[in-house]
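Contents: one structure, followed by commentary.
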Amino acid sequence: MRRSNPLEGRKRRGNRLLAWAVALTLVWLALASRVHVNASWSDGAWGYLVLPLPGAPGRGESVVFEPLEAVGSPVPYLKTVHGLPGDRVEVDGNRRVRVNGKVLGIAKTHARDGRPLKITRPGVIPPDRYYVHADHADSHDSRYAEIGLVAREQILGRALALPDIPWLGLEGSLAGRGEEQP
C-alpha cells in the first residue's frame with residue numbers, strides 16, 4: 001500500500017487554488033471588460049480590449065470613450081490622453097494645437113466631407129476633463145470643438161490593442177478607408 005505524501009497533497013491544493021484564482025480573474029475580466037472592433041482606418045489594430053479604469057487616466061494611456069451625442073458616432077472612439085487637468089491647451093494662428101507647449105497636431109479647417117470644423121478653445125484643462133488625441137492627421141479628436149475636452153464620465157476604460165489573428169481574418173484595421181471623421 002502506497003502512503004500519501006502530505007507535501008504532495010498541499011501542492012495539489014495549491015495548484016487547484018491557483019487554477020480557481022486564474023479562472024475567477026478571467027471571468028471577472030470577461031464581465032468587466034469589453035472588446036471593441038476598430039471602426040477606424042487610421043489605427044493598425046483590428047480591435048481593443050477595454051479594461052475598467054478605476055481612477056483617472058494618465059498621460060500617454062489609450063482610452064475608449066463615448067463621444068457626445070451631437071457627434072453622431074455609432075461607436076466609441078479610441079484615443080491617447082495627452083492633456084490632464086491643469087495642463088494648458090494653446091492654439092496659434094496656423095491652427096497648431098499645443099498642450100503645455102508641445103505641438104500635437106494641426107486642426108483642419110474642413111472635414112473630408114466638406115463640413116467646417118471649429119477648433120478647440122484654448123485654456124487650462126479643468127478638473128475631470130482630458131485632452132485626447134491620435135497621431136493621424138485626420139483623427140477626430142480634442143483638436144475640434146465638437147469633441148473638445150473629454151469628461152471622465154465619457155471614458156469607458158483603458159484600451160489594450162488585440163493581437164492579429166490572421167487565420168480568423170482579424171488583422172490590421174477592419175474598417176475601409178474613409179470611415180473616420182473628419
Side-chain angles (χ1 to χ4, degrees), residues 25 28-92 94-109 111-112 117-164 172-175 179-182:
T25 300
W28 177 82
L29 281 172
L31 294 173
S33 305
R34 295 186 286 183
V35 172
H36 286 273
V37 174
N38 186 4
S40 167
W41 52 266
S42 65
D43 191 348
W46 69 267
Y48 291 87
L49 177 65
V50 179
L51 301 170
L53 184 66
R59 191 179 320 275
E61 283 190 282
S62 294
V63 296
V64 171
F65 69 96
E66 291 286 353
L68 297 174
E69 203 171 305
V71 173
S73 176
V75 296
Y77 278 19
L78 168 90
K79 304 294 175 198
T80 302
V81 175
H82 282 278
L84 302 173
D87 288 350
R88 177 164 290 285
V89 177
E90 301 165 332
V91 181
D92 69 20
N94 293 323
R95 298 177 66 96
R96 277 190 298 261
V97 179
R98 292 179 172 82
V99 172
N100 293 336
K102 180 182 176 188
V103 176
L104 293 179
I106 298 173
K108 295 183 169 201
T109 58
R112 290 185 314 188
L117 293 168
K118 292 183 184 174
I119 198 161
T120 195
R121 253 185 285 153
V124 175
I125 300 174
D128 290 328
R129 300 279 175 167
Y130 301 89
Y131 182 97
V132 296
H133 185 87
D135 292 334
H136 195 278
D138 286 336
S139 176
H140 196 212
D141 53 34
S142 289
R143 285 178 270 197
Y144 305 102
E146 62 187 9
I147 297 297
L149 300 173
V150 175
R152 172 62 184 96
E153 59 265 12
Q154 288 174 259
I155 299 174
L156 302 175
R158 207 172 259 120
L160 297 174
L162 294 172
D164 287 346
S173 173
L174 299 180
E179 294 189 22
E180 180 172 302
Q181 301 169 5

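Screening Leu78, Val50, Val150 for a side-chain contact (heavy atoms from CB on, under 4.5 Å) with Phe65, the sole residue that qualifies is Val150.
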side-chain contact (heavy atoms from CB on, under 4.5 Å) assessment of Tyr77 paired with Ile147: CA-CA 10 Å; Tyr77 278 19; Ile147 297 297; 3.6 Å; yes
Working for side-chain contact (heavy atoms from CB on, under 4.5 Å), residues Val97 and Val89: CA-CA 7 Å; Val97 179; Val89 177; 4.2 Å; yes
side-chain contact (heavy atoms from CB on, under 4.5 Å) between Tyr144 and Val71, worked out: CA-CA 11 Å; Tyr144 305 102; Val71 173; over 6 Å; no
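Looking at every heavy atom in both residues, Pro127 comes nearest to Pro85 through CA-CB, 3.9 Å. Here the closest non-hydrogen pair linking Pro54 and Pro52 is CD-O, 3.4 Å. The two residues Lys79 and Ala134 come nearest to each other via the heavy atoms CD-CB, 3.9 Å. Closest of all the heavy-atom pairs between His136 and Asp138 is ND1-N, 2.9 Å. Contact record, Gly58 with Leu84: C-CD2, 4.2 Å, taken as the closest heavy-atom pair. The nearest pair of heavy atoms linking Ala107 to Ile119 is CB-CD1, 3.5 Å.
Once rounded to the nearest 0.5 Å, the distance linking CD1 of Ile125 with OG of Ser142 reads 8.0 Å. Going from atom NE2 of His82 over to atom CG of Asp141 covers 8.5 Å, rounded to the nearest 0.5 Å. The line from CG of Leu51 to OG of Ser62 is 11.5 Å long, rounded to the nearest 0.5 Å. To the nearest 0.5 Å, atoms CZ (Arg98) and OH (Tyr131) are separated by 11.5 Å. Taking CG of Asp87 as the start and CG of Leu149 as the end, the distance is 10.5 Å to the nearest 0.5 Å.
Taking the side-chain hydrogen bond (donor to acceptor under 3.5 Å, both in side chains) definition, one finds that Arg152 meets it with nothing, sequence neighbours left out. Checked against side-chain hydrogen bond (donor to acceptor under 3.5 Å, both in side chains), Arg158 has the following partners two or more places apart in sequence or in another chain: Glu61.
Checking side-chain atoms of Arg143 against main-chain N and O of Thr120 turns up no donor-acceptor pair under 3.5 Å. Glu66 contributes no side-chain N or O that, together with a main-chain N or O of Gln154, makes up a donor-acceptor pair within less than 3.5 Å. Remark: the backbone N or O of Arg96 is not paired with any side-chain donor or acceptor of Asn94 at under 3.5 angstrom.
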